[in-house]
2 protein chains.
Amino acid sequence: MDTPQLCPRFEKAMSIMSQRWTGLVIYQLLNGPQRFCNIESAIGISGRVLSDRLKDLETEGIIKRDVFPETPVRIEYSLTDKGLALQPLMKEIEKWSQDWLQI
Amino acid sequence: MDTPQLCPRFEKAMSIMSQRWTGLVIYQLLNGPQRFCNIESAIGISGRVLSDRLKDLETEGIIKRDVFPETPVRIEYSLTDKGLALQPLMKEIEKWSQDWLQI
DNA sequence: TATAGTTACTTACTTTATGTAAGTAATTAT
DNA sequence: ATAATTACTTACATAAAGTAAGTAACTATA
């Protein structure tokens, strides 16, 4: 038929956002920089998958990882500008969920 | 730590949108009602998974399924109001992808 | 009449992703 | 010497997704 072809950039964005946990990790980091174990307990993701997701998101330039050589070592994850730019999208998801989902 | 707890409605919205293919199926249906094989070829999803997704989305009230007893039978999928309400969200993904992703 | 074509699926099987639980490294506290 | 802490990794089990073939219902063609 004659539906327009998918824009590769849009497709990429979708593939990032439609990966399990990615959205919640970003949403959680909108609360500010935080550590691995905090993200883990806040959203209920397993450490194994969180480790994968943080690596992927860092590779995509959406989050950054800062190491503070304290004891025990403190590692903070935070959103880059690219990651912060996802806030309006998160707001839309919030809005839709408020308007259309029951508890 | 002291990050706020996740809103169950937001979490539900995220679980819908972060399932693989769901976003693209909805995006595709923003072009108007269309048939199974059209969605399939437009976004490159396998029939097996598309079948699952369409059932899930119908259960969620995001799409509806209309049967036209022609030959061969025509079955059209389209967005409900709840599904159409996801358009602003799709626009945000488009915008972000334009602003932050390279080709 | 037999064969092929069409759409919308389903089924069986393989591969990939995710969940669970235990383990590791580096350091400090007890 | 043992336990505690954080940020992971590893090994293994289960769930989700991909691939390809099959099915049902009907029509068109040879």
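Chain letters run A, B, ... following the sequence lines, proteins first and then strands; every chain starts at 1. Just so it is clear, the structure is predicted and the values come from calculations on it, not from any experiment.
- The distance from the CD1 atom of I75(B) to the CZ atom of F68(B) is 10.0 Å, given to the nearest 0.5 Å.
- In this structure, E58(A) places its CD atom 14 Å from C1' of dA7(D), rounding to the nearest Å.
- Across E76(B) and P33(B), no two heavy atoms sit closer than the pair OE1-CB, 3.5 Å.
- Atom-to-atom distance recorded for Y27(B):OH and L30(B):CG is 8.0 Å, nearest 0.5 angstrom.
- Here dT27(C) presents its C1' atom at 13 Å from CD of E70(A), a figure rounded to the nearest Å.
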Quiz: residues 77-89 of chain B side-chain donor-acceptor pairs under 3.5 angstrom, not counting sequence neighbours:
| unit_1 | atom_1 | unit_2 | atom_2 | d |
| --- | --- | --- | --- | --- |
| Y77(B) | OH | R65(B) | NE | 3.3 |
| S78(B) | OG | K64(B) | NZ | 3.1 |
| T80(B) | OG1 | G61(B) | O | 2.6 |
| T80(B) | OG1 | I62(B) | O | 3.1 |
| T80(B) | OG1 | K82(B) | N | 3.3 |
| T80(B) | OG1 | G83(B) | N | 3.2 |
| K82(B) | NZ | E60(B) | O | 2.7 |

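- Remark: C1' of dA8(C) and CG of L54(B) are 10 Å apart, rounded to the nearest angstrom.
- Residues satisfying the salt bridge (Lys or Arg N to Asp or Glu O under 4.0 Å) test with K55(A), not counting sequence neighbours, are none.
- To the nearest 0.5 angstrom, L29(B) atom CG is 4.5 Å from I39(B) atom CD1.
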Residues 15-26 of chain A, side-chain donor-acceptor partners within the protein, below 3.5 Å, at least two apart:
| unit_1 | atom_1 | unit_2 | atom_2 | d |
| --- | --- | --- | --- | --- |
| S15(A) | OG | K12(A) | O | 2.9 |
| S18(A) | OG | M14(A) | O | 2.8 |
| T22(A) | OG1 | Q19(A) | O | 3.4 |

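- As rounded to whole Å, 18 Å separates atom C1' of dA17(C) from atom CD1 of I16(A).
- A distance of 5.0 Å separates CD in E11(B) from CG in L6(B), rounded to the nearest 0.5 Å.
- A distance of 6.5 Å separates CD in Q28(B) from CD1 in I43(B), rounded to the nearest 0.5 Å.
- Summary of the strand contacts: D52(A) and V73(A) both lie near DNA chain D, and taking for each the nucleotide with the nearest heavy atom, the more 5' one is attributed to V73(A).
- In this structure, L24(B) atom CG and dA17(D) atom C1' are separated by 15 Å, rounded to whole Å.
- Distance E40(B) CD to dT19(D) P: 11 Å, rounded to the nearest Å.
- Taking atom CZ of residue R74(B) and atom C1' of nucleotide dC9(C), one finds them 18 Å apart after rounding to whole Å.
- Applying the 4.0 Å criterion to OP1 and OP2 of dC8(D), one finds that R65(A) has a side-chain N or O inside that range.
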Restricting both atoms to N or O, compile the protein contacts to nucleotides 22-30 of chain D shorter than 3.5 Å, with distance only.
none

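- Between the CZ atom of R74(B) and the CZ atom of R35(B) there is a distance of 6.5 Å, given to the nearest 0.5 Å.
- The phosphate of dC8(D) (OP1 or OP2) has no side-chain N or O of S51(A) nearer than 4.0 angstrom.
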Any protein N or O atoms within reach of nucleotides 19-21 of chain C? Criterion: under 3.5 Å, listing atom names and distances.
| unit_1 | atom_1 | unit_2 | atom_2 | d |
| --- | --- | --- | --- | --- |
| dG19(C) | OP1 | W21(A) | NE1 | 3.2 |
| dG19(C) | OP2 | W21(A) | NE1 | 3.2 |
| dG19(C) | O6 | R48(A) | NE | 3.0 |

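- For R53(A) and E76(B), each mapped to the nucleotide of DNA chain C holding its nearest heavy atom, the one lying further toward the 5' end belongs to E76(B).
- Closest approach of I93(B) and F10(A) over heavy atoms only: CG2-CE1, 3.7 Å.
- The pair D52(A)-R48(A) meets the salt-bridge criterion, with a side-chain N (NZ, NE, NH1 or NH2) lying under 4.0 Å from an Asp/Glu carboxylate O.
- Here K55(B) reaches the OP1 or OP2 of dT10(C): one of its side-chain N or O atoms lies under 4.0 Å away.
- Comparing the end axes of the helix from dT1(C)-dA30(D) to dT30(C)-dA1(D), each fitted to five base pairs by superposing C1' atoms of four pairs onto the next four, gives an inter-axis angle of 30° (nearest 10 degrees).
- Note: CD1 (I75(A)) to P (dT27(C)) measures 13 Å, nearest angstrom.
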